[in-house]
Protein chains: 2
Amino acid sequence: MNTPTLAEPATPSFSPLYQQIKTLILQSLQAGEWKPGEPIPSEIDLAARFRVSQGTVRKAIDELAAENLVVRRQGKGTFVATHAEQHVQYRFLKLVPDSGDTAAEGPAERTIVDCRRQRASAEVARALALRTGDPVLQVRRVLAYRGVPTILEDLWLPGTPFKGLTAERLRASRGPMYAMFETEFGVRMVRAEEKIRAVLPDAEQAVLLDVAAGMPLLSVERVAHTYHDTPMELRRGLYRTQTHHYRNELG
Amino acid sequence: MNTPTLAEPATPSFSPLYQQIKTLILQSLQAGEWKPGEPIPSEIDLAARFRVSQGTVRKAIDELAAENLVVRRQGKGTFVATHAEQHVQYRFLKLVPDSGDTAAEGPAERTIVDCRRQRASAEVARALALRTGDPVLQVRRVLAYRGVPTILEDLWLPGTPFKGLTAERLRASRGPMYAMFETEFGVRMVRAEEKIRAVLPDAEQAVLLDVAAGMPLLSVERVAHTYHDTPMELRRGLYRTQTHHYRNELG
DNA sequence: TAGTGGTCTAGACCACATA
DNA sequence: ATGTGGTCTAGACCACTAC
């Protein structure tokens, strides 16, 4: 049975069955049919639902798993990925202590410096696919390790999806900020890209990080995306790299 | 037929058939049975050789392709990956112009500053899995874009595999250095990890990069590995990031 | 015991490249 | 026309998890 009940593309654009299945599953993920941390239906159930073989569903899920959108667990099922219970917390944070001993260090102490509504500058609007002047939230916070302020972050979030976000709610939440975004606002970050430079701090940044004005710092500019590559956060981090470094793997 | 003619592991460590096939193919790659850029045998041939089904070979190759060790080309075959003819030249170089217009920029002008034999310091020895005092080669070069010196690199290479490498041969070679390593020394880099920091240049570095002593620079320390995770190069790069940035993707 | 994902096979057909 | 990798199916069995 090689004629699935799915709509066949008209003429020029063919796409393998499993790609179409993948798109359908993605749509359900985005629509929130299954929430982060929850299991999605079994491969057999999905195969019946889409009228394809289990192997085809399998290949679709393989790709979703490779993109970290779902997590397979043998014997249990396939689960919607989440920033919360992931054994690797802070999935997007690549700054690690030089000793490599992440465990001994423990989580960072976090201080919310600021959280305010404002209007998007041209630059912020471009990064978030908004129009200049659209409402955005700006957050500034400091992360410290063993009492040493090490990361200064400025975040810009689109106002509409994050309506109701305040400094109090940020202070109240435990764990990764991205996990809170999922549970409180239904926004799941799936991909990000970073531009990294070496810079000097301005006067205010130097005070917040407790460094001299001439201290070189890592500038990490991140745009994080939710499903379908929709940008949902612009983040600028300043990292002290005397005791930590940004770790990257090249394949 | 579910009893392949391969040696079954004794007791505790099971491993799927396709993983064993993958290991065997890897060994042939490492042994140089097929050279970079050449095709490996077809899936059907490999299946016959290993006495398994074509689907099992396929899954093994899938993983090798995911790790960038081979490249599949529909209708043509599967080829040993190479740093040379890869349409993405300089696979391990993540520094890109802020404009994003890589093509307009063209390749960097390269100047070999130095190439000398020396003995491994404790630090270099540790990175390259050698013993302190073992012979190594050190290379220093500058990469410039449009006449602006932008990257200063120091490399340390183990002396034995790279015997015969001289400044002249480096200057004579076109294209990526890693491509030359493949053709001239049979050393193929497959994976690398980088530690990134923000630093200030010392006096000599400042001169070579034509920057002031207080200019923050990106320090990129890379260890590149060949097959079986054998470290074969330690490289320290200093990047100017006024017109360029280090680009990274987070999944 | 039942259900899940993981492995392995065998065969059919498709899309692409080359001669 | 032939050979390559790419897709899809169907069914068998294994390994892990939970009840």
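Values below: every heavy atom of this structure, side chains too, minus hydrogens, waters and symmetry copies.
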Visitor: Can you tell me how far C1' of dC14(D) sits from CG of L17(B), to the nearest Å?
Guide: 12 Å
Visitor: To the nearest Å, give me how far apart CD (Q54(B)) and C1' (dC13(C)) are.
Guide: 13 Å
Visitor: For F79(A) and dG3(C), what is the distance between atoms CZ and C1' respectively, to the nearest whole Å?
Guide: 12 Å
Visitor: Strictly below 4.0 Å: does T78(B) bring a side-chain N or O up to OP1 or OP2 of dG5(D)?
Guide: yes
Visitor: Looking only at side-chain atoms of E43(A), point me to the closest of dG5(C), dT9(D), dT9(C).
Guide: dG5(C)
Visitor: Closest to the S53(B) side chain: dG5(D), dT7(D), dA10(C)?
Guide: dA10(C)
Visitor: In terms of side-chain heavy atoms of K59(A), which of dG6(C), dT9(D), dT7(D) is nearest?
Guide: dT7(D)
Visitor: From the options dT4(D), dC8(D), dT4(C), select the nucleotide whose nearest atom is closest to the side chain of D45(A).
Guide: dT4(C)
Visitor: If you only use heavy atoms from C-beta on, which nucleotide in dT7(D), dT4(D), dT9(C) is closest to the side chain of P16(A)?
Guide: dT7(D)
Visitor: Rounded to whole angstroms, how far apart are CG on D62(A) and C1' on dT7(C)?
Guide: 12 Å
Visitor: If I take atom CD1 in residue I44(A) and atom P in nucleotide dA12(D), what distance separates them, rounded to the nearest angstrom?
Guide: 13 Å
Visitor: Are T23(B) and Q20(B) close enough that some pair of their side-chain heavy atoms sits under 4.5 Å apart?
Guide: no
Visitor: Sort and list the pairs that fulfil side-chain hydrogen bond (donor to acceptor under 3.5 Å, both in side chains) and have at least one residue in residues 156-165 of chain A, not counting sequence neighbours.
Guide: none
Visitor: Measuring to OP1 and OP2 of dG6(C), would you say a side-chain N or O of R72(A) lies under 4.0 angstrom away?
Guide: yes
Visitor: Considering only nitrogen or oxygen atoms on both sides, find all protein atoms under 3.5 Å from nucleotides 17-19 of chain D and state each distance.
Guide:
from: dA18(D); atom 1: OP1; to: K76(A); atom 2: NZ; distance (Å): 3.4

Visitor: Measure the spacing between CG of L170(B) and CD of E184(B) and express it to the nearest 0.5 Å.
Guide: 10.0 Å
Visitor: State, yes or no, whether a side-chain contact exists between K35(B) and V80(B) at a heavy-atom distance under 4.5 Å.
Guide: no
Visitor: Please identify which of these residues, Y90(A), F92(A), F181(A), meets the ring pair (Phe, Tyr, Trp, His ring centres under 6.0 Å) condition with H83(A).
Guide: F92(A)
Visitor: Using whole Å, report how far NZ of K22(A) lies from P of dC8(D).
Guide: 13 Å
Visitor: Taking the side chain of R58(B) as heavy atoms from C-beta outward, which of dG5(D), dG5(C), dC8(C) is closest to it?
Guide: dG5(D)
Visitor: Find the distance I61(A):CD1 to dG5(C):C1' and express it as a whole number of Å.
Guide: 9 Å
Visitor: What is the distance from OH of Y18(B) to P of dG5(C), rounded to the nearest Å?
Guide: 16 Å
Visitor: Which nucleotide in the set dG5(D), dC8(C), dT4(C) lies at the smallest distance from any side-chain heavy atom of S42(B)?
Guide: dG5(D)
Visitor: Closer than 4.0 angstrom, basic N to acidic O: yes or no for R72(A) and E43(A)?
Guide: yes
Visitor: Working to the nearest 0.5 angstrom, can you tell me the gap between D98(B) CG and R247(B) CZ?
Guide: 12.0 Å
